[in-house]
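Here the structure is laid out as structure tokens; the discussion comes afterwards.
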Amino acid sequence: MDKIRSLTGMADYSEKSEKDNVAAKLFHVENSLKEIFKTFNINEIRTPALERTSLFQRSVGDFSDIVNKELYSFNDKNDRSITLRPEGTAGVIRHIVENNLESYSNKFWYMGPMWRYERPQKGRYRQFNQAGIEYLGYEEGLAELELISIVCLIIEKLNIKNSVIKINHLGNESTKAEFAEAIKNYFEPYKSSLDEIDIDRLESNPLRLLDTKNKDLQKVLRNAPLLTDFLPKSSIDLLNHIKASFQNVEIEIDPTLVRGLDYYNGFVFEAISNDLGAQSSFLGGGRYDNLSSQLGGKIMNSIGMAIGLERISEISNIETDEKNRASFIILAGVDHTKAYKMAHELRSLNENVILETHLHCSSLKAELRRANKCKSQMAFIIGEEELKNNKILIKDLKNESNEQKNVSYDELIKIYKNL
RNA sequence: GCGGGCGUAGCUCAGUUGGUUAGAGCGCUGGAUUGUGGCUCCGGAGGUCGUGGGUUCGAAACCCAUCGCUCGCCCCA
């Protein structure tokens, strides 16, 4: 029989896996992020992984690559087109619009898997995890400041080195249109040298040309009109204000930063690290004031961001805080239930101890090896002798120490409580 | 969707111009020590050489196809 494999680009995350410890790191990062969100009093929201395909067409945008070629879409048994969410914002806004909550202010966070049908590479998988924050019903200004404040805190708490936060402003509707027109005019003489995709993009979303990695195009862009020259003073003030507000993390105003999801307007940002390979950005977001109305709701000024959990885990340098570890060893030939009852009681006495119960009931040597392997600092051993004398053997496993002593169950409880 | 690299033990990898029974380290497991871990020594298990076809007296090696992984392009977190 053939073995069944996981799907391309979809990984298992097991804390126990030998391959470094990406899973352990991922889980730990998830916990740290939740702690940070809590300190800002942001509420959790969970929306379904499956949504109607039209939700993403109308939010993420028909012109975006995500919708054009990366959607995991299929028809359900009722022949409706449904899609595994490629990102988290659309579902949250759908929730707001569906329940007529546009006039309330809300701060939400979410965390979970997303799906995009792409060729996998470093830092990019078909199923990947994102955490996100949405500030709903907040006008431009303090909300921008607070999101960047969160980003800075994340970078500090996760001890991320060599990262830069890039910020930019896409302007308001009229300056955005003016600038788009200027870009179109500028590229007119170069049109013959552009490839098909870029020609299409020039029509549909000319700002996307700015952040190209194409070297030739970058050369052409050197003398192109600058977004900064079209921005209203308020936008430039905001960028400078944010840049000046945070000292411990590098913040750079990057006039070429534009974002791929069509719903962004106004302030946009992205954090990058050179330690990630080609997919250097590990977090990004921006303002999306028009999204709720695009989904049939009322206007709701909002800003949000998404964090790539696999990517941010890779560059985080947090230490896992080790609790006390101990091993509870039941040897061959003893009454299991009587012995195990003790382990059960011990656990309720001190929750700072990780008590591993080795359930093999084999030789003392084998059990001590297991205890050593799982880094236990001490072992509680129950064999026939101990059971007969109502004692437990406590053995110190730290380094070369060979100390051990027989104690009564009551004495063990006292020792365990103080570990 | 396009391009590069790679598939040999659970993991990391050797394997000579194509030549007999495919190896090492780590890990796992047992023993040296009747109930005492780490260090040391000795033993054991574990392989359709990704899969299918071809060339050849002979293929892990060469050719073709296919699947998978990986890195990049595009794009995004």
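Values below: all heavy atoms of this structure, side chains included; hydrogens, waters and symmetry mates excluded.
- Between the base of B/rU36 and the side chain of A/Q404 there is a donor-acceptor pair shorter than 3.5 Å.
- For A/F267 and A/F269, the distance between ring centers is under 6.0 angstrom.
- Pairing for B/rA22 is absent, with no Watson-Crick or G-U wobble pair whose two atom distances lie under 3.5 Å.
- Rounded to whole Å, atom C1' of B/rU36 lies 13 Å from atom CG of A/D396.
- Judged by distance alone, with hydrogens and angles left aside, A/E386 brings a side-chain donor or acceptor within reach of the base of B/rG35, the pair sitting under 3.5 Å.
- At the heavy-atom level, A/K373 lies under 4.0 Å from the strands shown only through sugar-phosphate atoms.
- Across all strands, A/F128 comes closer than 4.0 Å to base atoms (heavy-atom distances).
- Shown are A/T357, A/V353, A/L412, A/L419; of these, the side chain to side chain contact (heavy atoms under 4.5 Å, CB included) with A/L346 is made only by A/L412.
- Side-chain atoms of A/Q57 and A/S54 form no donor-acceptor pair, as typed in the model, at a separation below 3.5 Å.
- For A/Q121, a side-chain nitrogen or oxygen approaches OP1 or OP2 of B/rG72 to under 4.0 Å.
- When each of A/G277 and A/L7 is assigned the nucleotide of RNA chain B bearing its nearest heavy atom, the one mapping closer to the 5' terminus is A/L7.
- Both distances falling under 3.5 Å, in either a Watson-Crick or a G-U wobble arrangement, place B/rC73 opposite B/rG1.
- Put simply, the side chain of A/R124 and the base of B/rC74 share a donor and an acceptor less than 3.5 Å apart.
- As judged by a 4.0 angstrom heavy-atom cut-off over every strand, A/L393 is placed among the base-contacting residues.
- For the pair A/R126 and A/Y72, the cation-pi criterion (under 6.0 Å, within 45° of the ring axis) is not fulfilled.
- Residue A/I381 has its side chain nearest to B/rG35 when only B/rG35, B/rC2, B/rC75 are considered.
- Other residues, nucleotides and ligands place no more than 12 heavy atoms under 6.0 Å from the NZ atom of A/K414.
- Judged by distance alone with a 3.5 Å cut-off, a donor-acceptor contact links the side chain of A/K395 to the base of B/rU36.
- Residue-to-nucleotide contacts include no donor-acceptor pair under 3.5 Å from the side chain of A/R5 to the base of B/rG50.
- Comparing B/rC69, B/rG37, B/rC73 by their closest approach to the side chain of A/T8 singles out B/rC69.
- Contact between the side-chain N/O atoms of A/S64 and the OP1/OP2 oxygens of B/rC75 is not found at any separation under 4.0 Å.
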